[in-house]
Amino acid sequence: NFKQSLGVSQMCFIIHSKCILLRYTQPGQQVHKICFGRWEEGRSQDGKKWKTLEHKGPLFPPEYEPLPQDVSFYYNGKPLRLSIVAEEVATFYAKMLDHEYTSKEIFQKNFFTDWREEMTAEERDLICEFSKCDFGEMHRYFVEQSEKKKDMSKEEKEVLKEETKKLTEEYGYCLLDGHKEKIGNFRVEPPGLFRGRGEHPKMGKLKKRILPEDIIINCSNDSKTPEPPKGHKWKEVRHDDTVTWLASWVENVQGSIKYIMLNPSSKLKGEKDWQKYEIARKLKLKVETIRKEYERDWKSKEMKKRQKGVAVYFIDKLALRAGNEKEEGETADTVGCCSLRVEHITLHKELDGQECVVEFDFLGKDSIRYYNKVPVDKRVFKNLKLFMENKNPEDDLFDRINTTYLNKTLNNSMTGLTAKVFRTYNASTTLQEQLSKLTSRMWHAEKLLSYNRANRAVAILCNHQRTAPKTFEKSMQNLQQKIELKQKQLDEAKAELKKAKSDYRESKTEKLKRLVEQKEKMVKRLQEQLKKLQLQMTDREENKVIALGTSKLNYLDPRISVAWCKKFDVPIEKIYNKTQRDKFAWAIDMTNEDFEF
DNA sequence: AACGCCACTTAGCAGTTCAGAA
DNA sequence: TTCTGAACTGCTAAGTGGCGTT
């Protein structure tokens, strides 16, 4: 009846764990949603993450398939049949042959050492020199295989797709507190060669195959325990409701623990995400006080306090990461704020007409370069000079402090405050500020472009980079050509319009009048198309090495975007794709247009 | 305070899919 | 219908920060 009275053909209930939405579209109008119930903030205080948890355990990668008889590894120019285990490891290398990783000495060395460990005694005796190894034939075989896969018929591809879908349905979900939730990564990581980022000392090492005997399962004790693969046992089955993971194992290269966890769309993750932004909003209310506090620290008698004051200033102003200390030689040499070394900054009393400029140049997370020249407060500049006195380039800039101390003092200023909150706070504030400058008079494409601009401002602040797409230059050229063509068309159309007008002036017939109107329309359309292309060009150029996704997914309070969409009548689908809409379901459900971060 | 361990978020890349242009 | 480039998805490495122990 409700449907009929509204003249709506379709209506659906969207059932979240803590709210139910009734969703429908009235003809010619926007989508309506009626919300019953709401998301819960905070959650229980006792550290319990769930009451019940049931799942099927992780999905293992397929077993190794030996090479066909006519494909072989060559040593010293002669074909050599390897033992299954050694052959498998060799294929890892062979598959990567055209990647530049394999040309690096450390990569080769690490691989060769670990490979020899997997060989039989005889193989180890024989295969002593890496330079005599030839993986060419194996490599060609794998290239061929992937070609074949590409050339498969539509039907065959369909069958494969169906199979993965079935596996996802079986293993991709769990039951948490009685609700079906998507799992983030339900597959055990397959064996292979470790590829670190940047100059990683462990690149090329063998990442071993994980067996059920390595895996700890976590589920509730009254649930059906996942079945290990035939002939195998789990390492342990535990029932720990203070953690959110479903399974874990220790990885052999770095000795770190890997987890199977829920998808960001889950209630558990969503509420945590929400909480994160609430803390950042709390910082917004206190940030002025906190800024005064660290400015006072710049003058402290205690060197430790001064260093802290300057470090927090960097974290706040430049959105630097905290910079935990890392084990030397175990990972790539990267730093964050607290681990900055003297060699990473250069002080300029004056630079390009600005006073007190600090030049930063260091590798941050994922070995992404941070390069920036920033004019700073005079007192900060003086302090930095002081911190650098009598130090070697490789000494710590902030030698009296570390992230634990810094976070402890931050927590004293505001409960829940840590270094990373500043990044969230500054990112979200920047987005909101930038968006508030926009007007509703813009046309659609312009609105979206402006949103991207705002997003980009944040990405630049957080130094989120990407390697320029391989096809960038070419696609840019193509676009340029299109623009030139459009320009030419426009010029022609304009000339035609002019002619039509003068014709009309000479003999004012109805037919010629219509022609003028027609040509005017044509010119207008072409102008719009040209403008659109030019916008696209700027957008793409500015986006060349900037990654927008990271900030969108991790730093920008989605409620800002949702509110903006509502206010300016932009469909949310233009801003967030399906995955993102799932992740931010909590925000989409509860935000109206006057939300303020 | 130093250390080691653990749990969780944040990050860029590569392969795949999709949509619009030719 | 085919081709091309962008968007999306999955993957897993690399951070942050808390806690208990010494």
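Just so you know, these numbers use all the heavy atoms, side chains as well, and skip hydrogens, waters and symmetry mates. In what follows, chains carry the letters A, B, and so on, assigned in the order in which the sequence lines appear, proteins first and then strands, with residues in each chain numbered from 1.
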- Query: Contact class for Gly323(A) vs. all strands (heavy atom < 4.0 Å): base, sugar-phosphate, or nothing?
  - Reply: sugar-phosphate
- Is the number of heavy atoms from other residues, nucleotides or ligands within 6.0 Å of NZ (Lys574(A)) greater than 12? no
- Query: dT9(B), dT10(B), dA7(B): which one has an atom nearest the side-chain heavy atoms of Tyr259(A)?
  - Reply: dA7(B)
- Item | N or O in side chain of Lys365(A) less than 4.0 angstrom from dA13(C) OP1/OP2 | no
- Query: Is Pro264(A) touching bases, backbone alone, or none of the nucleic acid, heavy atoms closer than 4.0 Å?
  - Reply: nothing
- Query: Of all the nucleotides listed (dG17(C), dG15(C), dG12(B)), which has the minimum atom distance to the side chain of Thr334(A)?
  - Reply: dG15(C)
- Message: Counting only side-chain nitrogens and oxygens, does Thr418(A) get under 4.0 Å of the OP1 or OP2 atom of dT16(C)?
- Response: no
- Message: Taking the nucleotide of DNA chain B with the nearest heavy atom to each, does Cys462(A) or Asn402(A) sit closer to the 5' end?
- Response: Asn402(A)
- Task: Starting from C1' on dG18(C), measure out to CD1 on Ile279(A) and report it in whole angstrom.
- Result: 13 Å
- Message: Can you tell me if His200(A) touches the phosphate of dA13(C), counting only side-chain N or O atoms and a distance under 4.0 Å to OP1 or OP2?
- Response: no
- Atom NZ of Lys420(A) to atom P of dT16(C): distance rounded to whole Å? 10 Å
- Query: NA contact type, Ala419(A), heavy-atom cut-off 4.0 Å: base, sugar-phosphate, or nothing?
  - Reply: sugar-phosphate
- So, is Arg187(A) near the phosphate of dC11(C), with a side-chain N or O under 4.0 Å from OP1 or OP2? yes
- Quick one: side chain to side chain donor-acceptor pair (under 3.5 Å) partners of Arg209(A), sequence neighbours excluded? Glu88(A)
- Tell me which of Gly416(A) and Lys578(A) sits closer to the 5' end of DNA chain C, going by the nucleotide each one is nearest to. Lys578(A)
- Message: What is the distance, to the nearest angstrom, from the NZ atom on Lys258(A) to the P atom on dC11(C)?
- Response: 12 Å
- Query: Does NZ or CZ of Lys180(A) come closer than 6.0 Å to the centre of the six-membered ring of Tyr173(A), within 45° of the ring's axis?
  - Reply: yes
- Among the candidates dG17(C), dA2(B), dA1(B), find the nucleotide nearest to the side-chain atoms of Lys304(A). dA1(B)
- Distance, rounded to the nearest Å, where Arg195(A) contributes CZ and dG12(B) contributes P: 17 Å
- Query: Distance check: side-chain N/O of Thr244(A) vs OP1/OP2 of dC8(B), anything under 4.0 Å?
  - Reply: yes
- Task: Determine, for Tyr405(A) and Lys304(A), whether the Lys NZ or Arg CZ falls below 6.0 Å from the six-membered ring centre while staying within 45 degrees of the axis.
- Result: yes
- Closest to side chain of Lys269(A), choosing from dT10(B), dG15(C), dC8(B): dC8(B)
- Item | Name of the residue among Asp333(A), Asp361(A), Asp396(A) meeting salt bridge (charged side-chain N to carboxylate O under 4.0 Å, His left out) with Arg341(A) | Asp333(A)
- Phe194(A) six-ring face occupied by Lys202(A) cation (under 6.0 Å, within 45°): no
- Query: At under 4.0 Å, does any side-chain N or O of Asn324(A) touch on OP1 or OP2 of dG15(C)?
  - Reply: no
- Is the phosphate of dA7(B), meaning OP1 or OP2, less than 4.0 Å from a side-chain N or O of Lys49(A)? no
- Query: Taking only N and O in the side chain of His99(A), is any of them less than 4.0 Å away from OP1 or OP2 of dC13(B)?
  - Reply: no
- OP1 or OP2 of dT9(C) sitting under 4.0 Å from any side-chain N/O of Thr579(A)? yes
- Message: Quick check: do Trp50(A) and Asn218(A) have side-chain heavy atoms less than 4.5 Å from each other?
- Response: yes
- Which nucleotide in the set dA11(B), dG17(C), dC8(B) lies at the smallest distance from any side-chain heavy atom of Arg197(A)? dA11(B)
- Query: Can you check whether Thr467(A) has a side-chain N or O nearer than 4.0 Å to OP1 or OP2 of dC13(B)?
  - Reply: yes
- Item | Length of the CG-P vector between Leu553(A) and dC13(B), whole Å | 16 Å
- Roughly, in whole Å, what's the span from CH2 in Trp245(A) to P in dA7(B)? 6 Å
- Message: So if I take residues 247-257 of chain A and measure heavy-atom distances to DNA chain B, which residues fall below 4.0 Å?
- Response: Ile257(A)
- Task: Provide, to the nearest angstrom, the distance between the CD atom belonging to Glu325(A) and the P atom belonging to dA2(B).
- Result: 9 Å
- Message: To the closest 0.5 Å, what do you measure between NZ (Lys95(A)) and CE (Met138(A))?
- Response: 9.0 Å
- Within the structure, does a side-chain N or O atom of Lys207(A) lie under 4.0 Å from either OP1 or OP2 of dA13(C)? yes
- Message: Whether Thr550(A) contacts dG12(B) is assessed here as follows: a side-chain N or O lying under 4.0 Å from the phosphate OP1 or OP2. Is that the case?
- Response: yes
- Message: Is there a ring-ring contact (aromatic ring centres under 6.0 Å, His included) between His55(A) and Tyr171(A)? Walk through the geometry before answering.
- Response: CA-CA 8 Å; His55(A) 56 94; Tyr171(A) 288 91; over 10 Å; no
- Query: Rounded to whole angstroms, how far apart are CG on Leu320(A) and P on dA14(C)?
  - Reply: 20 Å
- State whether Lys161(A) places a side-chain N or O below 4.0 Å from either non-bridging phosphate oxygen (OP1 or OP2) of dT17(B). no
- Under the side chain to side chain donor-acceptor pair (under 3.5 Å) rule, collect the residues that match up with Gln465(A), sequence neighbours excluded. Asn463(A)
- Residue-phosphate contact under 4.0 Å: Asn577(A) side-chain N/O, dA7(C) OP1/OP2: no
